[in-house]
Amino acid sequence: MVKEIKAQLAADENKFAIVVSRFNEFITGKLLAGAIDCLERHGAKDEQITIIWVPGAIEISLTARKLADSGKFDALICLGAVIRGQTSHYDYVCQQVSRGVGQVNYDTGVPAIFGVVTCETIEQAVERAGSKQGNAGTNAALSAIEMANLLKQI
Ligand code: INI
């Protein structure tokens, strides 16, 4: 018989850390609210959730790495908003944060979910922070719950 593994979406037995950047806080605050709401609606209590604010998206990876190394968390939710400006800075920030968060997963075995919106315009970011395109923070939290439960079954 084929063995199939599907994780439950119950959040009542895991510890979550949310790393959220202050840069573009008018967007990241909405992502954070979406993530907390999602965790709570899936059964997480306040004491299971730790929120860590960092200056910008670039600082997310190092912080996530330290949290993963602490062994205190079953999943990390990384939230940020990178919005293109008039220079190439955006590209460097996107590159660093996407690579860095990915690396945390592979190096530590702790799922670090990429909930960073990378947008060409402010409108695109707003659409992903609780309007037309949903809430990237909510989606990230849902993935965190699934991955925390899934990895325990493998
Ligand atoms: N940080 C962001 O989170 N989003 C951005 O859009 C952004 N842009 O475009 O500059 C940004 N820059 C700051 C960066 O993440 C670091 O905090 C800063 O470079 C200090 O290391």
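Counting from 1, the numbers follow the sequence of the chain as shown. First listed ligand is number 1; within each ligand, the first listed atom is number 1.
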Report task. Number the atoms of ligand 1 from 1 as they appear, then name those within less than 4.0 Å of a heavy atom of A81, with their elements. Result -> 2 (C), 3 (O), 4 (N), 5 (C), 6 (O)
Requested in this report: Give the residue and atom name of whichever protein heavy atom lies nearest to atom 10 (O) of ligand 1, and the separation in Å to one decimal.
Outcome: H89 CD2, 2.9 Å
Report task. Measure the distance from atom 3 (O) of ligand 1 to every protein heavy atom, then report the residue, atom name and distance (to 0.1 Å) of the closest one. Result -> A57 N, 2.8 Å
Report summary line: Residues E59 and V54: closest non-hydrogen pair is CB-CB, 3.9 Å
Query raised in the report: By side chain to side chain contact (heavy atoms under 4.5 Å, CB included), which residues pair with C94, not counting sequence neighbours?
Result: V82, Y90, T118
Report task. Can you pull out the closest protein heavy atom to atom 9 (O) of ligand 1? Residue, atom name and distance to 0.1 Å, please. Result -> I83 O, 3.8 Å
Query raised in the report: N24 side chain to A81 main-chain N or O, any donor-acceptor pair under 3.5 Å?
Result: yes
**Report entry** For atom 7 (C) of ligand 1, the protein heavy atom that lies nearest, with its residue and separation
**Finding:** F23 CE2, 3.3 Å
Query raised in the report: Do I18 and I27 sit in the same hydrophobic cluster, where Ile, Leu, Val, Met, Phe, Trp and Tyr count as joined when their side-chain heavy atoms come under 4.5 Å apart?
Result: yes
Query raised in the report: Numbering the atoms of ligand 1 from 1, which are under 4.0 Å from a heavy atom of N24?
Result: 4 (N), 5 (C), 6 (O)
Report task. Check each heavy atom of R84 against ligand 1 and say whether those closer than 4.0 Å belong to the side chain, the backbone, both or neither. Result -> neither
Query raised in the report: Who's closest to atom 18 (C) of ligand 1 heavy-atom-wise, of Q96, E59, R22?
Result: E59
Requested in this report: Would you please name every residue forming a side-chain hydrogen bond (donor to acceptor under 3.5 Å, both in side chains) with E120, sequence neighbours left out?
Outcome: R84
Query raised in the report: If you measure from each non-hydrogen atom of V97 to ligand 1, which part falls under 4.0 Å: side chain, backbone, both or neither?
Result: neither
Query raised in the report: What residue and heavy atom of the protein are closest to atom 14 (C) of ligand 1, and at what distance?
Result: I58 CG1, 3.5 Å
Requested in this report: Carefully, step by step, assess T50 and L67 under the rule side-chain contact (heavy atoms from CB on, under 4.5 Å).
Outcome: CA-CA 10 Å; T50 302; L67 290 162; 5.7 Å; no
Query raised in the report: Does K132 offer a backbone N or O that forms a donor-acceptor pair with the side chain of E127 under 3.5 Å?
Result: no
